[in-house]
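Here the structure comes first, spelled out in structure tokens, and everything after it is commentary.
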2 protein chains.
Amino acid sequence: MAATETRRQITEAADALFYERGFEATSFADIAAAVGLSRGNFYYHFKTKDEILEAVIDLRMANTRAMLAGWAAGADEPAGRIRSFIHMLIANRAGIMAHGCPVGTLCSELAKLDHVAKDRAAELFGLFRDWLALQFSALGRGDDAERLALHLLVRSQGIAALATAFRDETFIRREAAAMETWLAGELPGLAKSDLSIPNA
Amino acid sequence: MAATETRRQITEAADALFYERGFEATSFADIAAAVGLSRGNFYYHFKTKDEILEAVIDLRMANTRAMLAGWAAGADEPAGRIRSFIHMLIANRAGIMAHGCPVGTLCSELAKLDHVAKDRAAELFGLFRDWLALQFSALGRGDDAERLALHLLVRSQGIAALATAFRDETFIRREAAAMETWLAGELPGLAKSDLSIPNA
DNA sequence: GTCTATATGGGGATAGAC
DNA sequence: GTCTATCCCCATATAGAC
């Protein structure tokens, strides 16, 4: 197999395992087994665990950018795009209840380890913050755009944290709906009908 | 030294280390060194790591109950008690920026490990939820008490998660203030002056 | 590029002397 | 109750054959 393809497979397997089990709790052997590779060969592709982490963060940055671009393409109005962000909580509820938010839990773990990559992981939050701020700016809230963006991140992170602890789907839906109500209040020009709660 | 006293010291050292470095990342040797004990002797007091975790959760439950009782004793009005909860974010900001919320990060780590104690750790959230709900009930919001309590937990958890990632103290103060504004809006009978932002 | 075999270190955990 | 010595396993990481 081509080295780049194997590297891609390793990175994707590590991405999933880091999310499901955590960075420290995932061993080389776990990743190698997931890809169907021997431990020895593994080191041909990645020399250290930190190198894998770097590749995983790069992958998540790329995936996040693609997701945000998809949301932007999927809705003409900034309010609808923000709703896509909120809806993510419902769409990913199973994973969130089992393993939390991939971004928040990674940042938290790396902060405790005082890992060199902790700031790079925080840039994942930065992507969401900047993208949300852009939508609020387009809605005429330029002065408050970053504050409003961070407030949405706060609530989504809090929902994820408590959903992991209590594993209560109703709670997620209710708090997501409350976020939409808040959004409507911040954007008085918006029609109520544009802010119904997603069911998917 | 008396066994109970040594056990207490171990539990407190483990409590701090689990918070600062995480449960998995903390080794027996780390805890033993913090207490000034040999590894061998360590096993006289705790047979397994899970046993230490259990003791740490018990300690945190007791400490949390004591803190909540202190807040109740320190303010006659339920609104002031809730403000004590919000103020905790400011008071603990240094620790939160470095290591996150002790409750949220422990629940998150144990969930990923699928650890047997994950539900016991979630009961720490339960203590806050029930205590906050009690205050809202006393304020005549009995029907919504749990929902309002969980909303406060959501926002405090989200603030902790993002504060850890961005290490921005201004952000913490601003979001804490926003929580107080929200609280004022939920309790229309409350005087504005009762809801000023703590500075400590 | 992939494998097996292996080095090395640290983790949890135990035995037994004092 | 405390210590030293030790066991075993699994982790990261390397060497070298194929």
How far apart are the C-alpha atoms of B:Asp58 and B:Arg120, what are their side-chain angles, what is the distance that settles it, and do they pass the salt bridge (Lys or Arg N to Asp or Glu O under 4.0 Å) test? CA-CA 9 Å; B:Asp58 285 344; B:Arg120 292 200 55 223; 2.5 Å; yes
Contact check, side chains of B:Arg155 and A:His151, non-hydrogen atoms, under 4.5 Å: yes
Please table the atom pairs, donor to acceptor, closer than 3.5 Å between any side-chain atom in residues 72-81 of chain A and protein atoms at least two apart or in another chain.
unit_1, atom_1, unit_2, atom_2, d
A:Arg81, NE, A:Ala72, O, 3.1
A:Arg81, NE, A:Ala75, O, 2.8
A:Arg81, NH1, A:Gln135, OE1, 3.4
A:Arg81, NH2, A:Ala72, O, 3.0
A:Arg81, NH2, A:Ala75, O, 3.4

Over how many whole Å does the gap from B:Glu5 atom CD to D:dT2 atom P extend? 10 Å
Taking only the side-chain heavy atoms of B:Ser38 (C-beta and beyond), determine which of C:dC3, C:dG1, D:dC3 contains the nearest atom. D:dC3
In A:Leu89, A:Ile159, A:Thr105, the residue satisfying side chain to side chain contact (heavy atoms under 4.5 Å, CB included) with A:Ile96 is A:Leu89
Pair A:Glu5 + A:Arg8, salt bridge at N-O below 4.0 Å: yes
Spacing between B:His45 atom NE2 and C:dT14 atom P, to the nearest angstrom: 15 Å
Between C:dG1 and A:Asn41, is there an OP1 or OP2 to side-chain N/O distance shorter than 4.0 Å? no
In whole Å, what is the span from the CG atom of B:Leu53 to the P atom of C:dG12? 13 Å
Taking C-beta and beyond as the side chain, do A:Phe28 and A:Ile52 meet within less than 4.5 Å on heavy atoms? yes
Rounded off to whole Å, could you give me the CZ-to-P distance for the B:Phe42 and C:dA15 pair? 18 Å
Hey, does A:Trp182 have a side-chain heavy atom less than 4.5 Å from the side chain of A:Leu152? yes
Base-paired stems that DNA chain C participates in, counting runs of 3 or more Watson-Crick or G-U pairs under 3.5 Å: C:1-18 with D:1-18
Flag this pair as yes if the NZ/CZ of B:Arg147 is under 6.0 angstrom from the six-membered ring centre of B:Phe136 and inside a 45 degree cone about the axis; otherwise no. no
Interface polar pairs with nucleotides 6-13 of chain D, N/O, under 3.5 angstrom:
unit_1, atom_1, unit_2, atom_2, d
D:dT12, OP1, A:Phe28, N, 3.1
D:dT12, OP2, A:Phe28, N, 2.9
D:dA13, OP2, A:Lys49, N, 3.3
D:dA13, N7, A:Tyr43, OH, 3.0

Could you tell me whether the phosphate oxygens of D:dG1, OP1 or OP2, come under 4.0 Å of any side-chain nitrogen or oxygen in B:Tyr44? yes
